[in-house]
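These numbers come from the heavy atoms of this one structure, side chains and all, not from hydrogens, waters or symmetry mates. What you see is a predicted model, and the numbers here were worked out from it, not measured in a lab.
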Amino acid sequence: MIKLYNTLSAKKEEFVPVQPGRVSIYACGVTVYDHSHLGHARGAVVFDLIRRYFIRKGFAVTYVRNFTDVDDKIINRAKQEGITAEAVAKKYIDAYNEDMGRLGVARADIEPKATEHIPEMVAVIKGLIEKGHAYTVDGDVYFRVASFSGYGKLSKRNIEDLKAGARVEVDERKDDPLDFALWKASKPGEPAWSSPWGPGRPGWHIECSAMSFKHLGETFDIHGGGKDLIFPHHENEIAQSEAFSGRPFVNYWLHNGFVNINQEKMSKSLGNFFTIREILDKYDGEIVRLFLLSTHYRSPIDFSDGNLKDGRAGLDRFYTMKEGIAEYLKGKSATTAQPDKVVESVDRPLYEKILKLPKAFEEAMDDDFNTAFAIGLIYDLVRDVNKFLAEAGQKGEDAAQIILRAAQTSFDDVGRTLGLFLREPGEWFEEGRRAESRVTLSLEKIEEYIHLRNEARAGKDWAEADRVRQLLDAAGVEVFDRPGGTVWKPK
RNA sequence: GGCGGCGUAGCCAAGUGGCUAAGGCAGAGGUCUGCAAAACCUUCAUCAUCGGUUCAAAUCCGAUCGCCGCCUCCA
């Protein structure tokens, strides 16, 4: 049973889908007028995870994530760059997909664009006018907030408070300052679509209603986005959708917390943001993904080099263990021995714990996607497996194999859902850390020095051996003398 | 001003009524190592403050202090 925190009820609730065995998820994507920053990455990673988890639990998932490709900012950017709005959108959609790919975020099942759903939006707006929930002024169409009694139920505001606290400049043409645009008449030179109200373009909120209606139906399971979308975006979506359809729009509203810098929200307007690609220049995508999942999705998460480095250290530890398992199993054909016959009683608790990892993982995830706890379970078991690995030589070979293969299977199983811990250790150490390594020697040179050092060691010339170690160290290469020979890793 | 959230070890971070307050990073001591590294072992918190409810509170209630978010485009 999955429990999730629903912003609408402000409580954790048991998840009950509209249709048994199916889940429909709509997550607000980005407005494509610039490169995405780490805050956008968090939302994308969180909902990617939620989707993976529902799939793991056997649901047939339909995941929709939109691109807002028509908006003032895109139009401004197009003017600046002297290209069309369409070209701006395409450029940043491509960049977004590339960035997300590096974070292990899978493409959504449906990725609708606002500009490809104009007729659907027009149809909804027409319906709202017919039902008395919207009105036209000079080619604009506004939603009449006062006509929808449930307004404020998501963001827990009442209309009077909103009026009292209004900081918006009042547009005299609107019947009420709270009314919001469904359709905007376009100015000359701006992108425009024909409509019953003249040439224009959609307001921001209507696209999500129209596109979710089309792809998921009038009532669907989960709608997600960042906390900053609760008001007004999602509140307005509810108003226009429910006013139109006369039925509940969304059963569960999920909102992720922000990425902060020095405890302040990372945002374009504050200018305190890092783009995803800037961060990926310095840190491997898996580190960033781990960082984003190491805090519960609803809590704020503070971005800092130290936090990213913790993530790297954790992955080093994990992959060192994975390498240890692989080394032990290397060249050994799989045993056919029965676990209950060969696993010694002292190793039973470990074996049980390994087998139970997926279940423990699910218990954590069932509780509103507690990835922080789930990752803790993994590291806890890493320690146990390392301990066993250190003594593996003294264990019966069949038993050691059974335990280590089971560990690998369990780690892979939960790793697939998290989208973490899935690489080969060699790949992690050589490729994964290249982004931040400072290796200044060629592979040949490194091998040469290692050979030199080992000759010195063979002759017990420790001073020379240490000299070579320091030389390599200065070049960003760290050497380790393992039982199987000397290996090196980027520092 | 309205609404909402947060404050757990040097740092990050779970835990929201009851077993020894997960896990990670960093630190200290140890085992191992030519020296290292890795790994393992040991060690490191009365949970912002005050008051209340309760047999029992980090966890519920109230107050105080501090921080943040939304109310305007924003993941």
Side-chain angles (χ1 to χ4, degrees), chain A residues 7 10 12 27-31 33 36-47 68 71-73 152 155-158 160-169 178 204 224-233 235 255-260 262-270 273 290-291 294-296 298-302 304 306-314 316-318 320-321 323-324 364 367 370-391 456-457 460-463 465-466 469-470 473 478-483 487-489:
Chain A
T7 306
K12 270 188 206 172
C28 286
V30 291
T31 300
Y33 70 101
S36 299
H37 62 64
L38 195 59
H40 301 113
R42 185 176 194 192
V45 166
V46 162
F47 288 100
T68 298
D71 146 286
D72 287 343
K73 280 183 265 198
S155 56
K156 319 283 181 260
R157 288 154 211 248
N158 63 60
E160 283 66 40
D161 289 343
L162 285 167
K163 281 178 181 162
R167 301 186 306 192
V168 212
E169 271 184 58
L178 297 180
W204 175 35
K227 281 190 154 129
D228 46 3
L229 297 184
I230 294 171
F231 190 91
H233 185 52
E235 194 69 64
H255 293 97
N256 62 275
F258 303 130
V259 175
N260 289 166
N262 298 324
Q263 303 183 56
E264 263 190 339
K265 177 187 174 186
M266 178 183 287
S267 74
K268 286 274 185 187
S269 43
L270 287 171
F273 62 92
L290 176 61
F291 162 70
S294 61
T295 299
H296 186 90
R298 283 190 281 117
S299 302
I301 184 170
D302 214 51
S304 72
N307 289 343
L308 271 294
K309 281 178 178 149
D310 280 0
R312 182 188 65 187
D316 273 345
R317 199 156 95 86
F318 182 84
T320 300
M321 177 212 67
E323 194 172 41
D367 184 15
N370 193 340
T371 51
F373 188 82
I375 290 167
L377 288 171
I378 291 171
Y379 282 117
D380 190 39
L381 193 55
V382 165
R383 191 181 58 239
D384 293 335
V385 170
N386 272 329
K387 189 175 176 178
F388 181 83
L389 216 38
E391 302 159 355
R457 291 175 68 219
K460 296 200 190 296
D461 184 354
W462 307 128
D466 285 346
R469 173 192 282 285
Q470 275 159 28
D473 193 79
E478 204 170 359
V479 293
F480 310 96
D481 302 316
R482 297 264 180 89
V487 298
W488 69 273
K489 287 169 187 173

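One interatomic measurement links the two molecules: CZ of A:F258 to P of B:rG69, which rounds to 8 Å at whole-angstrom precision. The separation between A:I375 atom CD1 and B:rA14 atom P is 10 Å, rounded to whole Å. Between the CD atom of A:E391 and the C1' atom of B:rC41 there is a distance of 11 Å, given to the nearest Å.
For A:T320, counting side-chain heavy atoms from C-beta on, the closest listed nucleotide (B:rA38, B:rC40, B:rA36) is B:rA38. Minimum atom distance to the side chain of A:F480 is reached by B:rA37, of the listed B:rA75, B:rA37, B:rA36. The side chain of A:A372 has B:rA14 as its nearest neighbour among B:rC73, B:rA14, B:rA36.
For B:rG15 and B:rA48, the P atoms lie 15 Å apart once the distance is rounded to whole Å. Separating the C1' atom of B:rA14 from that of B:rA75 is a span of 24 Å, rounded to the nearest Å. Nucleotides B:rU8 and B:rG23 place their C1' atoms 14 Å apart, quoted to the nearest Å.
The phosphate of B:rC25 (OP1 or OP2) has a side-chain N or O of A:R317 nearer than 4.0 angstrom. Phosphate proximity of B:rG15 to A:N370: present, with a side-chain N or O under 4.0 Å from OP1 or OP2. Side-chain nitrogen and oxygen atoms of A:N307 include none within less than 4.0 Å of the OP1 or OP2 phosphate oxygen of B:rC12. At B:rC70, one or more side-chain N or O atoms of A:K265 fall inside 4.0 Å of OP1 or OP2 (strictly under the cut-off). Using a 4.0 Å cut-off, no side-chain N or O of A:R469 falls inside it from OP1 or OP2 of B:rG34.
Remark: side-chain polar atoms of A:N370 are not paired, donor with acceptor, to backbone N or O of A:A364 under 3.5 angstrom.
Residue A:F373 and nucleotide B:rA14 are not classified as a stacked aromatic pair, given the requirement of ring centres less than 5.5 Å apart at an interplanar angle below 30°.
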